[in-house]
Structure formats: C-alpha cells, structure tokens
S.K.: 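Quick one: structure below, then a few questions.
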Amino acid sequence: MSAPLVRLAGATRRYGDVTALDGVTLDVPAGQLLGLLGPNGAGKSTLLQLVSGLRRPTSGVVELFGRPPWEPAARAGLGMTPQETGLPPTLRVREVVDVVAGHFPDPVPTAEVLERFGLGDLARRQTGGLSGGQKRRLAVALAFVGRPRLALLDEPTTGLDVDARHDLWDAVRAYHRDGGTVVLTSHYLEEVEALAERVVVVDRGRVLVDGSLEEVRSAVPARRVRVRAAALPDLGADRALVDGDRHELWTSDADALVRRLVGSGAPFADLEVASASLEEAFLAVTAAADDRSGSRSATGVPGTSTPTTSTPEVAR
Amino acid sequence: MSPTPTTATPSDVTPARTGGGRTGGLRLTALHTRAQLLETVRVPIAVIGTVVFPTLTMLFFVVPQPFADDPAQATAATAQISLFAVMSVCLFTYGVGVAEDRALPWDSYLRTLPVGAGPRLAGRLLNGLAFALVSLVPLVVVAWLLTAAALPADRLVLTAGALAVAALPMLGLGLWIGYGMSTKAALAVAQVLLLPLAFGGGLFLPPQMFPGWLDAVSTWLPTRAGRDLVVSATTGADLPGTTWPVLAAWALLTAVLAVRAYRRDEGRRFR
C-alpha cells in the first residue's frame, strides 16, 4: 500500500481559547472515496482548511502528498470546490475556469470541463448572474480542472435538484473509478450512502466514528419512529425520548421495531417513520452519551463510550 | 488499487512554482494580474472614482489659482496632486481592496491552488501600478491644457522615479491596512488618513502657504517628504535635508508593519 495522500496525526487547531479540531488522527489512502460527516461547527471546515493549506495546525501533523499542505507544491495534486458564494461575480464562467486551470501543468481544456458539467452554454456569463445550481456545478467543476489526484468536495450538491445531483454523482464516480481519491462532506445521508466507501464522523473537533459504510450504518440508529401512546413496553430502541404521550424512538431497524410495537398490543396512534440524516442520528447518539440521565444511554457506537470532554463548540 | 488517476504517481508531484514552463512564476503573475484587472474594470464606478478624484482636485485647487500661470508653481502643484493620486491608489486599491479581497471566500479558494503568495501579491502590485498610471493621465492632460505647467522631457524619468520612491511609505501603509484590518476598519482608516496626510504634506496647498507650526509638523510627514522629492524632481527645487531621512524612516516602518500583518494573515474569516 502506498503512502496515504492525506495524513493527520494528533492535529489540533485552536482559535483563541476555542478548540475547533482536537487531536484528530486520520489517513486517506489513494483511491478511497471518503465521506466526512458532522453537524455545523463540528470541525469539518477546519479539517478541510488544514488539509488544503489554508491554515496551519496549532499542534500535531498535517500532510498532503507527504508534504506540509501550506507549501504550494504540495497542492499541485489537489482539487477543491470553492464555496459557491465565493465565485468572483464580475468574472465570466470561462475566465474563472481559465484562472484555476492556469495553476496546473496539465489542466483539462476549459471547453471540455464546461461541457462535462453542463456549463457549455454559460461560458460567457458572469458568475454573478448564475443560478444557485449553476454556481454549484461550476464550483464542483473547478475541483476537477487540474486533473487532481485528490478532490476535496465540500457539500458538492447542496441546493441542486435531483437530476443535477445524480449527474454530479456520476461525475464523482467516474473520477473515482479512474483511480481518483475523494473526500466529500455532505448533509445528505443518501449522498454518502450513494458514494462513500468509508465514513468519518466528526463532532466537537473529534473523530467520533471511522469505518466502512456498513459498519457505520449498523452502528447508528438512522431511523426515527414517532408514535403517540399512553405507555410503551421496551421495544429495543437505541434511544427513546418521551414527552407526555409522544414517543420518539431511534433505531437502525425501523421494520423490526414497528413489528414489535404492533406485536406488543399496546394501543398507539400517529405512527410516523422517518429516515434521519446520519448527522441527526449521530447527534441523537452523542446527546445520549452526554446526558446519561436519559431513559436509555447510547450503545454500540465506537468512540461515544469515551466521555466527551468539555470542548467548547466552535461558533461557526 | 491503482493510485494513478490521471496524471501523476505519488513520487512525481511536480513542484508547480519552480522550473518555469506553463506554471512558472511569471505566467502565474500574469494570470493573477489579468484576473484582478478584469474584476476591477468591470465595476466601472471604482475605476472612475480613483481616476476622477485627483483630476477634480486639480481643477478645483490649482486651475483657478493665480499661480496656475506660473510655470514653476503650476508644475510643482501638478507634481503634488500626482503624488496625491498615487497615494489614494495605495490606500484604497491596496488598503481597502486587499482587505475586501481577504474577506471573500474566493481569496481563500485561490490560496488552496498550487501558488505561493508571490504571484498573487505581484498581481496586486501591478494592478495598483496600472491604476496609478491611469489616474495620472487625465491629471497631466488637465495640467498641460489648463495651466502653465511644463515638464522638460529630460525630467520625465526622474519624476517617475521620484513618484515611485515617494509612494513607498504609502504602499507599506496601504498593505498594512489591507492585510492587518477588517474591511470596515480598513475603509475608515484609509479615509481618516488620506486627507490629513495629503493636506498636511502639502499635496493640496503648497507648504509655503502654511503657518509656521504646520510647516514644522509637516516636515515629519511621509507625504511632505514625498512631495518635496517629487517637486524637486520636476522643477529642480532644492531638497530639504530632512527629506531622505524622513522618507526612509517611514518606508522602513510601514514596510515592517506591512510584512508583519501579511505574515499573520490567514484570511479574515474566523475573527
């Protein structure tokens, strides 16, 4: 196995007395498609900023292709999405692609990039005049302009409609199939399930879970069952919240739970099963780990058994 | 597993900044200069503000005055206002412009590309230089048509050099403001500094019209030293002994401040 493309070892970043990233250790080997999840303020952005050389760690090691990421040469194999709000509004689409392409030794020709991401007709438009979805597609396209070995995609499909999202997924899959390495952040469980081989969840600056998609899926209660009932027997939920006659049950297998509910014969009403985002599920789990006074404590999630220290949340 | 998606194997990540070629420093400088110029030029009001203000100053403060008919005095006045034009470019293009850019996510994004600070900064400097030159053109035209000002051809290069040297402390000041302050603070500080420095340095009214106390204070201002240098270059007037030390001290001080602010800058987004 060759050296990892990204290596973090005990990487910590503080802003004043706020710890945004707290001793994170993480390797991204070549060819992997990694999904990075976590609520806002969890440290995802800080992690990406360290890897892309925007910031330096307060302590610990961060390496990109075996070098410090703040050396420009280390970033020659990196492709990244800008935040969609960050495109210079007065520049034309083609000009923005040209500027980025100019930094790489062998960029994809601009026309080809625009064509591949469905922006061919918009080449002469100023980016300020693009719709949200068009900006998002341009932002993702920019990550691939330099034929990177590693693509960091920060929420690539937020705000896209279903078709556009699936087109982008195809592009990411094709890139990955050709051997490209991807680190992807997303709010959508569906997206991570569709793309990622490995899932890393960060919360409060720490890596909470790191495993294959299957491992992570079975480790978290990703279904939320709501029901009204005077009293319920123990249905084997991973977490149960009770508010008067309203019950909220978290489970990884809603079918089994509903079967048990019906089988128990307890009277109930307003049954509602929803697929929680992975983040919500993790929040439920971490919240349970925090307040052990809850009706049931979290189980089965590696990492949550260690008591969470009083790391202040980053205001971002 | 094949770790070679498109171009390179792990061992031959080509250092993008060395070795000339398609990604050489000069080419990147040209790339960033062009992009920045395009960005600025497409907001015409910004250009017009920078270009028109010094010329208006010339029309109000010099053209109607009796000394506009005196070649030496009119030339000196034009030189003063030229320095004012260069100074406002330094404080606004470098100061406010840099602070604004740093607050934008696009600037952060550019810093993730394989490019060091050099080409981006060089692009910025060239951009400012271009604006300074553009703002001088209407000024010189007005001076030539409407006053007795005259610059002998053999003094042209000397004057340009004097303007560049006189601009150094302003450049440092602008970059310090730009890299050290938030957008709002930068705008306020640039505005607060511009007029007192310009007036106190004798860029609007010649120092000969100053009361004694103001002339004494003025001697220690970077704008006054710069003004004396440029006026001396255009008219051959004597250079006061204080000019070079004052100019050098300010250039050094503002350079240190600018470099320190630049080093500490990681973008403005977390403060």
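Chain letters run A, B, ... following the sequence lines, proteins first, then strands; residues in each count from 1. Atom set for the values below is all heavy atoms of this structure, side chains included, hydrogens, waters and symmetry mates excluded.
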S.K.: Does any heavy atom of chain B fall under 4.5 Å from the side chain of A:R92, the backbone, both, or neither of them?
M.R.: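 Its backbone and side chain both get close to chain B.
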S.K.: Does atom CG (B:L26) have a neighbourhood of more than 12 heavy atoms from anything else shown, all under 6.0 Å?
M.R.: no
S.K.: With no hydrogens and no angle check, is any side-chain donor or acceptor of B:Y109 less than 3.5 Å from a backbone partner on A:M80?
M.R.: yes
S.K.: Which atom pair, heavy atoms only, marks the closest approach of B:S108 to A:L54?
M.R.: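 That would be O-CD2, 3.1 Å.
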S.K.: Tell me whether the count of non-hydrogen atoms from other residues, nucleotides or ligands lying under 6.0 Å of CD in A:E115 goes above 12.
M.R.: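 Check fails, neighbour count at 12 or below.
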S.K.: Under 3.5 Å, is there a donor-acceptor pair between the side chain of B:R111 and the main chain of A:G53?
M.R.: no
S.K.: If you look at every heavy atom in B:L28 and A:G102, which pair is closest and at what distance?
M.R.: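 So the minimum-distance heavy-atom pair works out to CD2-O, 3.6 Å.
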S.K.: For B:W106 and A:G86, work out which heavy atoms get closest and say how close.
M.R.: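 Smallest interatomic distance, heavy atoms only, reads CB-O, 2.7 Å.
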S.K.: Indicate yes or no: at least one non-hydrogen side-chain atom of B:L38 is less than 4.5 angstrom from one of A:T90.
M.R.: no
S.K.: Is it the case that the side chain of B:R42 and the backbone of A:P89 share a donor-acceptor pair, with hydrogens and angles ignored and the cut-off at 3.5 Å?
M.R.: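 Judged by distance alone, no pair lies under 3.5 Å.
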S.K.: Does CZ in B:F53 sit with more than 12 non-hydrogen atoms of other residues, nucleotides or ligands closer than 6.0 Å?
M.R.: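 Not more than 12 within 6.0 Å, no.
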S.K.: Please name the pair of heavy atoms, one in A:H103 and one in B:L31, separated by the smallest distance, quoted to 0.1 Å.
M.R.: CE1-CD2, 3.6 Å
S.K.: Report which part of A:L152 has an atom under 4.5 Å of a heavy atom belonging to chain B: side chain, backbone, both, or neither.
M.R.: neither
S.K.: Heavy-atom distance under 4.5 Å to chain B: side chain of A:L78, backbone, both or neither?
M.R.: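 For A:L78, side-chain heavy atoms alone lie under 4.5 Å from chain B.
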